[in-house]
Amino acid sequence: MYTPEMKASIELVGRSRNRRLKETFPRLTPDEKQKLLKDFHPDHRPDTLRELKVGKSAGQRVPHELADVLELKSHLDPDTFVLGSPDYEVDVLVIGGGGAGASAALMAQESGASVLLVTKLRLGDANTMMAQGGIQAADKANDSPVIHYLDVMGGGGYFNKPDLVKALVFDAPFVIRWLEDLGCMFSKLPDGTMETIHGGGTSRKRMHFARDYTGAEIMRTLRDEVRNRGIEVIEFSPAIELLLDEEGKCAGAVLLNLETNEKSIVRSRSTVLATGGFGRLHVAGFPTTNHYGATADGLVMAYRAGANLIYLDATQFHPTGVAYPEQILGQLVTEKVRGLGAQLVNAEGEQFVYPLETRDAVSAAIIRECVERKKGFTTITGQPGVWLDSPMIDLIHGKGTVERELPAMYRQYKRFGIDMSQEPILIYPTLHYQNGGVEIDDEGRTAVPNLFVAGETSGGVHGKNRLMGNSLLDILVFGRRAGVAAAANAKDGRSAPSGKVGIEHVRAYHRELEKAGIITDRVSPILLPDYTRRR
Amino acid sequence: MASENSINIFVMGKKYEVPKGLTIMKAMEYAGYKFIRGAGCRGGFCGACSTVYRVPGDYRIKVGLACQTVAEEGMYLTQIPFYPANKATYDVENEKAALGTLLKYYPELSRCVGCNTCTKVCPQELKVMDYVNAAMRGDIAKVADLSFDCIMCGLCASRCPAEIVQYNVAILARRLYARHMAPRAKHLEERLEEMKAGKFDSQLDEMTRLDTAKLKELYNARDIEP
Ligand SMILES: Cc1cc2nc3c(=O)[nH]c(=O)nc-3n(C[C@H](O)[C@H](O)[C@H](O)COP(=O)(O)OP(=O)(O)OC[C@H]3O[C@@H](n4cnc5c(N)ncnc54)[C@H](O)[C@@H]3O)c2cc1C
Ligand code: FES
């Protein structure tokens, strides 16, 4: 239900509607677009990114919010930390209970390793659970891994690492088969043919889906299987630091029980880090589509331990996220709404951008309208937004079109007392995906021996821009590969720790911080965002 | 009485004044709670935030997802952060998609008293009792279909007088259905054969050696399925 203030603005939108129906907002010239992006797109604006002052990738530009957490101290003080006897000893420690972590755990165990999976919330409270759209795989006759390869490369701006893309597209059909065998309910035609559709940037219809719940169906199946196989899982116990031996090889991790604040020690021969993305850092102040625990913990721990970071200067935003109602803030509003003719208008009821410019330009224009021109509408929670004039759709295409063409969205808004076929909806760009991350090879190895990374925490697979449907694929391809490689690594004599195991790397990192003039008492990983009211 | 733009809610019996229009989750955060349990996806997908509440003048206990339900004046609430539900372990691969399998792992199924409480409390508006009935008949395809949108929040089980864990029965049924009853994808089988025979190996290797200019050329010239 809209507030009286909103109704007043909606009234203005309604009043200009008939006039606007005949209006086409002029498209941006290439120069205007360049300037708009440079001034307002979070990725291009010089003030969104800054150079890292410390660590192996010092000098690299990353979002402020990420630099802020990378440049904090550890939860552990190297001067007082004593490594007691381990609470757990396993071949493979998996950190993170999303799709990448669950598949790594399953494959590591299948390869004969003893496995412990630790996670911050519950197993499956993860971005994986939220994916609706689908998962890509070239398994139809008119498609091939080679064509898939080209799509991935072009989408990523050719920054992608070739051997990672090769692994991605090569394993894709095997991953779909694995899921089918595990009893994952893909949407199929009566003869068993997978239903597949296009996604942004695909040249073949290779997006497989499980109704509107693709990620949830994959995640709950993997979770069920992890439990059936008796893999030990510890929930609400995030890792807060990695342990290294004297040669810098990873030898386990320190966990923090979020409920008792007790720390425990896991010693492992191989460690797989699969902690997901960074949406909850709210890069440049944006709302996000991500789950509660997406706070870049893996990047922080791996970076301190000496891993390389890549492509973190590119963040994926979606131009139309929900700005109101608060209940679904940041969730996606499909591009189809604009495709059907809905215009973007400001609080005064005026257009300010051609609605079907490229995603980055539309995002930038919305931001400019709210931030610079102050013509957006700001909700009682302080969230700015502009109107997406959805009632235009029925006026253009006939009554009932919204309900017929956008049933899920129509129902979603209806739940909150908003009839989007009669009233416009308030939207704002939303932070969607961490394109870059920890640099890996095609089996998830990092620059730190015994440390593997898989999933959204890693970087390189998607270059500087991930295509929809390739991330669910990525987490399973590299989760599985990392699981197998981690199990093999654990059996290899060379993975055994040399000398003392501890957190000397943290001491060195703290010293670097000090040298760079960064004096702070705050610690990272931050584990959970703090949304309590600041008093 | 709270001011014009705010309401009073009672979190586990304690009163807090919060702005109107927030979800229960955000109202609790506004009141100063930092969630550890009880918040996962924050978008209606994970079922971490089951909440039980009452509103003034109504004796009935209501339930909902804290991330999807708007806080109301006088709401008297608490979360169910964890529920000790029974989960059987099984090997889907080697089980039959049959009534016997469901009853072997969840014999309490047959205790259903038909009260329909599960359906009434489901925040996803699923016909929970209908799929429990289908399960009792061994109609596994129907269970799979009717339960598909389940987010496993556990509210059904928390109110079930027969102590059935509906959502765990449902996932067993869905996995049995998808593994043993749904027709297999033939095109996938064929593609796997081709890949195992190395059909794309050399082409893929070649792709990884191309420079950006050449890749761009191929990308821009690629044909797009309508
Ligand atoms: C709304 C939404 C829609 C999407 N739609 C699609 C789509 O249609 N297709 C597609 O391909 N992709 C989609 N994506 C992207 C995709 O879902 C994610 O990129 C992917 O699932 C990430 O998987 P992951 O296993 O790497 O991370 P996650 O699934 O996020 O799992 C990470 C896990 O690690 C835990 N964790 C975090 N920190 C710690 C710590 N310190 N210690 C222990 N555990 C920790 C987290 O709590 C979480 O459980 C979507 C994403 C979102 C948010
Ligand atoms: S937090 Fe996931 S459903 Fe509410």
Side-chain angles (χ1 to χ4, degrees), chain A residues 3 121-122 124-125 129-130 139-142 144-147 149-150 153-154 158 162-163 166 170 173-174 176-177 180-185 188 190-194 203-205 211 213 216 220-221 224 227-228 230 236 258-259 289 291-292 325-328 331 380 416 528 530-533, chain B residues 5 19 21-23 26 29-37 39-43 45-46 48 67-68 70 87 89-93 144 148-149 151-152 171 174-179 182-188 190-192 195 200 203-205 207-208 212 215-216 218-219 222-225:
Chain A
T3 62
L121 302 165
R122 302 176 312 169
D125 290 348
M129 196 60 106
M130 308 182 75
D139 62 7
K140 295 238 166 136
N142 71 342
S144 88
V146 183
I147 305 174
Y149 184 98
L150 255 192
M153 279 296 199
Y158 310 97
D163 32 332
K166 182 180 150 192
F170 186 87
F174 294 93
I176 301 293
R177 165 47 65 87
E180 209 188 21
D181 282 345
L182 284 171
C184 199
M185 235 171 101
K188 292 177 174 181
D191 70 350
T193 303
M194 296 273 183
S203 65
R204 294 290 183 277
K205 292 183 178 164
R211 301 194 191 171
Y213 284 91
R220 64 198 181 190
T221 303
D224 197 52
R227 292 190 176 140
N228 286 346
F236 298 99
L258 289 178
E259 286 158 324
T289 57
H291 87 289
Y292 189 38
E326 179 70 16
Q327 292 87 325
I328 47 174
Q331 287 190 26
I380 55 163
F416 301 110
L528 292 173
D530 188 356
Y531 295 129
T532 56
R533 178 171 46 141
Chain B
N5 288 319
L22 301 181
T23 55
K26 290 184 179 174
E29 287 175 333
Y30 185 89
Y33 284 84
K34 182 170 174 177
F35 288 103
I36 294 174
R37 288 185 186 260
C41 66
R42 303 178 70 101
F45 288 98
C46 76
C67 72
Q68 299 290 299
V70 182
K87 149 90 180 98
T89 57
Y90 40 81
D91 176 4
V92 170
E93 177 90 22
F148 191 82
D149 289 1
I151 59 173
M152 305 178 86
I171 192 168
R174 284 195 305 272
R175 292 190 62 190
L176 289 173
Y177 171 80
R179 178 66 187 85
R184 306 288 273 184
K186 270 192 233 81
H187 56 92
L188 176 58
E190 283 158 20
R191 176 55 38 89
L192 292 174
M195 305 215 38
F200 303 102
Q203 269 176 293
L204 266 179
D205 281 334
M207 293 297 278
T208 63
T212 303
L215 274 173
K216 254 189 201 164
L218 289 174
Y219 181 78
R222 80 206 202 287
D223 64 310
I224 298 188
E225 180 178 0

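Below, chain A is the first sequence line, B the second, and so on; all start at residue 1. The figures here come from the full heavy-atom set of this structure, side chains too, leaving out hydrogens, waters and symmetry mates.
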* How far apart are the C-alpha atoms of Gln68(B) and Phe416(A), what are their side-chain angles, what is the distance that settles it, and do they pass the side-chain contact (heavy atoms from CB on, under 4.5 Å) test? -> CA-CA 9 Å; Gln68(B) 299 290 299; Phe416(A) 301 110; 4.1 Å; yes

* Can you check whether Ala182(B)'s main-chain N or O pairs, donor with acceptor, with Lys188(A)'s side chain at less than 3.5 Å? -> no

* To do: Report the option among Thr23(B), Leu218(B), Ile36(B) that has the most heavy-atom pairs separated by less than 4.5 Å from atoms of chain A.
  => Ile36(B)

* Are the side chain of Arg122(A) and the backbone N or O of Cys46(B) linked by a donor-acceptor pair below 3.5 Å? -> yes

* Asked: Which answer fits Pro325(A), side chain, backbone, both or neither, if we ask what part of it has an atom under 4.5 Å from a heavy atom of chain B?
  -> neither

* For Ile380(A), is it the side chain, the backbone, both, or neither that has a heavy atom closer than 4.5 Å to a heavy atom of chain B? -> side chain

* **Ile176(A) and Leu188(B), any side-chain heavy atoms less than 4.5 Å apart** => yes

* Lys34(B) versus chain A, the contacting section by heavy-atom distance below 4.5 Å -> both

* To do: Spell out, as yes or no, whether a donor-acceptor pair under 3.5 Å connects the side chain of Tyr219(B) to the backbone of Tyr158(A).
  => no

* Structure fact -> If one checks every heavy atom of Tyr177(B) against chain A at 4.5 Å, the contacting part turns out to be side chain

* Can any side-chain N or O of Arg175(B) pair as donor or acceptor with the backbone N or O of Leu182(A) at less than 3.5 Å? -> yes

* To do: Using modelled atom types only, decide if a donor and an acceptor are shared between the side chain of Arg191(B) and the backbone of Lys140(A) within a distance under 3.5 Å.
  => yes

* **Contact class of Tyr149(A) relative to chain B, heavy atoms under 4.5 angstrom** => side chain

* Asked: Any idea which of Gly230(A), Gly124(A), Ala216(A), Ser144(A) has the most non-hydrogen atom pairs under 4.5 angstrom with chain B?
  -> Ser144(A)

* Structure fact -> One option among Tyr33(B), Phe148(B), Phe45(B), Phe35(B) has the most heavy-atom pairs under 4.5 Å with chain A, and it is Phe148(B)

* At a heavy-atom separation under 4.5 Å, does Leu150(A) approach chain B through its side chain, its backbone, both, or neither? -> both

* Structure fact -> Residues at least two apart in sequence or cross-chain that pass salt bridge (Lys or Arg N to Asp or Glu O under 4.0 Å) with Lys166(A), listed by chain then number, are Asp205(B)

* Less than 4.5 Å apart, any side-chain heavy atom of Met207(B) and any of Met153(A)? -> no

* **Which portion of Phe170(A) sits near chain B, non-hydrogen atoms under 4.5 angstrom** => both

* Please look at Asn5(B) and chain A and tell me whether the side chain, the backbone, both or neither of the residue comes under 4.5 angstrom of a heavy atom of that chain. => neither

* **Short side-chain to backbone donor-acceptor contact, Gln203(B) and Val146(A), under 3.5 Å** => no

* State whether the side chain of His187(B) and the backbone N or O of Asp139(A) hold a donor-acceptor pair below 3.5 Å, judged by distance alone. => yes

* For the residue pair Met195(B) and Pro173(A), what are the closest heavy atoms and their distance? -> SD-CG, 3.7 Å

* Which portion of Ile147(A) sits near chain B, non-hydrogen atoms under 4.5 angstrom -> neither

* Who pairs with Glu225(B) by salt bridge (Lys or Arg N to Asp or Glu O under 4.0 Å), at least two apart in sequence or on another chain? -> none

* Can we say Asp125(A) and Arg42(B) salt-bridge, meaning some charged N sits less than 4.0 Å from an Asp/Glu carboxylate O? -> no

* To do: Can you tell which part of Gln331(A) gets under 4.5 Å to a heavy atom of chain B, answering side chain, backbone, both or neither?
  => side chain

* **Residue selection (most heavy-atom pairs with chain B, distance under 4.5 Å) from Met185(A), Met129(A), Glu259(A)** => Met185(A)

* I would like to know whether Arg37(B) and Leu258(A) meet side-chain contact (heavy atoms from CB on, under 4.5 Å); could you show each step before the answer? => CA-CA 9 Å; Arg37(B) 288 185 186 260; Leu258(A) 289 178; over 6 Å; no

* Asked: Would you call Asp181(A) and Arg184(B) a salt bridge, taking side-chain N to carboxylate O under 4.0 Å as the test?
  -> yes

